[in-house]
Amino acid sequence: MTTRDLDRLAQRVKAHRMQQYPSRDAAAEAAGITRNTWKRVETGDEVRESTYAKVDKALGWAIGSCLIIAEGGNPVLAGDDIAATGAPAAPATAEETRRAVFEAARTTLPDAPIGELDAFSDELVEILRRLGSVRDGD
């Protein structure tokens with residue numbers, strides 16, 4: 001598993017937030033989190049992965065982008081697809097996909113047991129791998 005660079009994430013979140021919102025309070029309200037939680041993201045403190053999903057949504061990024069940034073990648077804008085870019089995006093790795101699926105399921109089904117979410121994520125990644133939509137890690 002890749003080590004997360006939360007300082008890198010903090011810088012990207014703060015820069016993008018300053019382009020979109022007049023204040024940290026406004027961004028936090030849009031995300032449905034407290035100002036203090038948003039501040040923790042912007043100062044590089046670890047928060048729950050479901051919080052990162054809320055930050056992704058508030059900034060107009062696809063769910064999982066905060067985690068991708070923290071692991072050295074770039075955010076994906078929500079709604080980006082082949083028609084918008086003119087070219088298909090490279091398939092995500094199995095681990096990136098598993099994390100994104102897990103976070104989406106956890107955000108949508110907050111009361112589901114973690115083990116069930118893990119099993120669902122693993123099964124979906126395996127199906128996507130067989131279809132060629134997910135690549136093995138680099």
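None of the values given here were measured: they were computed from a predicted structure.
- Between E95 and R99 there is a salt bridge, with a side-chain nitrogen of the basic residue lying less than 4.0 Å from a carboxylate oxygen of the acidic one.
- Here CG of D25 is found 5.0 Å from CZ of R35. Values are rounded to the nearest 0.5 Å.
- Using a 4.5 Å cut-off on side-chain heavy atoms (C-beta onward), E42 and R12 make no contact.
- W38 and R17 get closest at one heavy-atom pair: CZ2-CG, 3.7 Å.
- Checking side-chain atoms of D5 against main-chain N and O of E71 turns up no donor-acceptor pair under 3.5 Å.
- A donor-acceptor pair is defined here as one N or O able to donate and one able to accept, closer than 3.5 Å; no such pair exists between the side chain of Y21 and the backbone of A30.
- Grouping the Ile, Leu, Val, Met, Phe, Trp and Tyr side chains by contacts below 4.5 angstrom, directly or via other members, places L67 with V55.
- Of all heavy-atom pairs spanning T37 and T51, the tightest one is CG2-CG2, 3.5 Å.
- Rounded to the nearest 0.5 angstrom, R98 CZ and E103 CD are separated by 9.0 Å.
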Determine whether K39 and D45 satisfy the following criterion, salt bridge (charged side-chain N to carboxylate O under 4.0 Å, His left out), listing intermediate values before the conclusion. CA-CA 9 Å; K39 181 180 178 182; D45 295 328; over 6 Å; no
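- No donor-acceptor pair under 3.5 Å is formed between the side chain of R106 and the backbone N or O of S50.
- Judged by distance alone, with hydrogens and angles left aside, the side-chain atoms of E96 form a donor-acceptor pair with the main-chain N or O of T93 at under 3.5 Å.
- Placement of I33 and V13 within a single hydrophobic cluster is found when ILVMFWY residues are connected by side-chain heavy-atom separations under 4.5 Å, directly or transitively.
- Nearest heavy-atom pair, G44 versus A10, reported as atom, atom and distance to 0.1 Å: N-CB, 3.6 Å.
- When every heavy atom of C66 is checked against every heavy atom of D56, the shortest pair comes out as N-OD1, 2.8 Å.
- A donor-acceptor contact shorter than 3.5 Å links the side chain of S65 to the backbone of V76.
- With rounding to the nearest 0.5 Å, the separation of CG in L59 from CD in Q19 is 9.5 Å.
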